[in-house]
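We number each residue from 1, following the sequence as shown.
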Amino acid sequence: MMAIAPTDLIDLIESQRFGVEYQPIIHIEDRSLFAYEALARFYDRNQEPLRPDLVYASLHDSPISLFQVEYQQKRLQLAHAPRDVPTFVNLDQDSYFSSGIQGDDNPFLTLFKQHNDKDIIVELIENSELNDAIMSLSMIDSMAKTGLSTAIDDVFNPQCMISTSVIQMVDFIKLDKQVVKKRNDEEFLLLVKMMVQYAKQTNKRIILEGIESEADLDFARELGVDLVQGFLYRERFVCIRN
């Protein structure tokens, strides 16, 4: 994967050219708004967008910088989040632990508590490393003790593994957009349908990402998911900082 040049990364951090985009999550039955997901956005000195995955990939080489950027992003996302619907916020396991502070005093937990007037759902990234799953379990436990709901992202992404223990503990399961792309793979869909059935039997909600057309929405209905997300629903609003 490409990386952001160190000089550009330093400039980005010092100038705090951070932004947030809120993407709607929709009830599949009546197309009403259920929540927004806060998506991190970054800009270079010319106000051109930078790919968030490249920014975070570069930041992983410096845990303190990773913490600083992620913490400022969460402050921005929560400061502008609507109060009338839940807000999903992504939190990488490495970011959570990069401060070196665990338990109730973790800076992210403290920040979430400060916004107790908003319904926050913390979304964990499903990664390919065993250690990521172990960290996820610890994070979920800490979130649950403070009354925060949790979600797991990227389930069925080909590059990510599925931790059954993590899935058991979260409140929401987000199916990766690869599910939509592989809708004609019958063997693959058997696994997806079993996940949907499991969620229904355990009172978890399933969100299908990657919905870009009415045909995608019909497919989501056939699967029996609860909520959908994607570019079919463009009622978004963006807050750009600096």
Side-chain angles (χ1 to χ4, degrees), residues 21-40 52-53 81-82 84-92 119-128 132-133 136-137 140 143 148-238:
E21 178 176 333
Y22 298 92
Q23 189 175 73
I25 297 174
I26 303 296
H27 285 284
I28 196 168
E29 290 298 326
D30 59 6
R31 297 196 181 196
S32 62
L33 177 67
F34 170 71
Y36 283 105
E37 179 180 354
L39 302 174
D53 60 330
D84 54 339
V85 295
T87 301
F88 283 70
V89 293
N90 293 279
L91 185 57
D92 184 285
D119 188 355
I120 301 169
I121 300 166
V122 181
E123 186 173 321
L124 291 77
I125 300 169
E126 181 66 286
N127 288 316
S128 58
D132 291 329
S136 293
L137 291 171
I140 295 170
M143 302 294 172
L148 288 165
S149 297
T150 52
I152 185 67
D153 194 17
D154 297 333
V155 174
F156 292 119
N157 183 300
Q159 297 180 346
C160 296
M161 72 176 186
I162 296 177
S163 167
T164 53
S165 296
V166 169
I167 287 177
Q168 281 183 284
M169 294 181 69
V170 296
D171 305 291
F172 294 84
I173 299 171
K174 298 191 74 174
L175 304 182
D176 189 78
K177 60 185 177 182
Q178 286 294 324
V179 172
V180 174
K181 293 180 178 180
K182 296 180 67 174
R183 74 181 89 188
N184 295 321
D185 186 334
E186 295 183 2
E187 185 173 335
F188 173 73
L189 281 186
L190 284 176
L191 289 172
V192 176
K193 290 176 180 178
M194 284 190 287
M195 181 65 74
V196 173
Q197 184 180 13
Y198 163 77
K200 290 184 179 299
Q201 292 178 349
T202 54
N203 296 316
K204 303 179 189 296
R205 292 190 180 185
I206 288 272
I207 303 171
L208 179 59
E209 298 181 304
I211 303 301
E212 300 183 2
S213 67
E214 292 293 333
D216 294 341
L217 188 61
D218 290 339
F219 170 64
R221 290 195 183 97
E222 292 173 8
L223 275 183
V225 302
D226 305 293
L227 303 156
V228 292
Q229 180 178 358
F231 290 115
L232 179 62
Y233 302 99
R234 296 184 178 274
E235 183 194 341
R236 298 171 290 170
F237 56 102
V238 180

All ring-ring contact (aromatic ring centres under 6.0 Å, His included) counterparts of F219, not counting sequence neighbours = none
request  = Measure the CE-CG distance between M194 and L189 for me, rounded to the nearest 0.5 Å.
outcome  = 11.0 Å
task = Hey, could you give me each pair passing side-chain hydrogen bond (donor to acceptor under 3.5 Å, both in side chains) that has a residue in residues 195-220? Not counting sequence neighbours.
result = R31-E214, K174-E209, R183-D216, S213-D216, D218-R221
ask   = Given side chains that start at C-beta, do those of L223 and V179 come closer than 4.5 Å, heavy atoms only?
value = yes
request  = Look at the aromatic rings of F172 and F34 and report parallel, tilted or perpendicular, splitting at 30° and 60°.
outcome  = tilted
ask   = Which value, rounded to the nearest 0.5 Å, describes the distance between L208 atom CG and I25 atom CD1?
value = 11.5 Å
Interatomic spacing from CG in L137 to OG in S165 - rounded to 0.5 Å = 5.5 Å
key: Matching residue for I28 among I207, L217, I211, L227 - test: side-chain contact (heavy atoms from CB on, under 4.5 Å)   = L217
key: Minimal non-hydrogen separation, P52 against A40, with atom names   = CG-O, 3.3 Å
remark   = Those residues at least two apart in sequence (or on a different chain) that pass side-chain hydrogen bond (donor to acceptor under 3.5 Å, both in side chains) with D119 are none
note = Result for side-chain contact (heavy atoms from CB on, under 4.5 Å) between I140 and one of V166, V122, D171, I152 points to V166
message = Distance check, rounded to the nearest 0.5 Å: L91 atom CG versus T150 atom OG1?
response = 11.5 Å
ask   = Are the side chains of I206 and M195 in touch, meaning some heavy atoms are under 4.5 Å apart?
value = yes
ask   = Hey, are the side chains of Y233 and L33 touching, using non-hydrogen atoms and a 4.5 Å cut-off?
value = no
query = Residues in side-chain hydrogen bond (donor to acceptor under 3.5 Å, both in side chains) with S32, at least two apart?
reply = D30
key: Residue list, side chain to side chain contact (heavy atoms under 4.5 Å, CB included) with D176, at least two apart or on another chain   = D154, N157, Q178
key: Those residues that, when tested against A38, pass side chain to side chain contact (heavy atoms under 4.5 Å, CB included) (two or more places apart)   = V20, Y22, Q77, T87, V89
query = Do the side chains of D226 and H27 get nearer than 4.5 Å, heavy atoms only?
reply = no
query = So which of L175, V170, V192 actually passes side-chain contact (heavy atoms from CB on, under 4.5 Å) with V155?
reply = L175
key: Contact check, side chains of F231 and Q23, non-hydrogen atoms, under 4.5 Å   = yes
ask   = Can you tell me how far the CD1 atom of I121 sits from the CG atom of L148, to the nearest 0.5 Å?
value = 10.0 Å
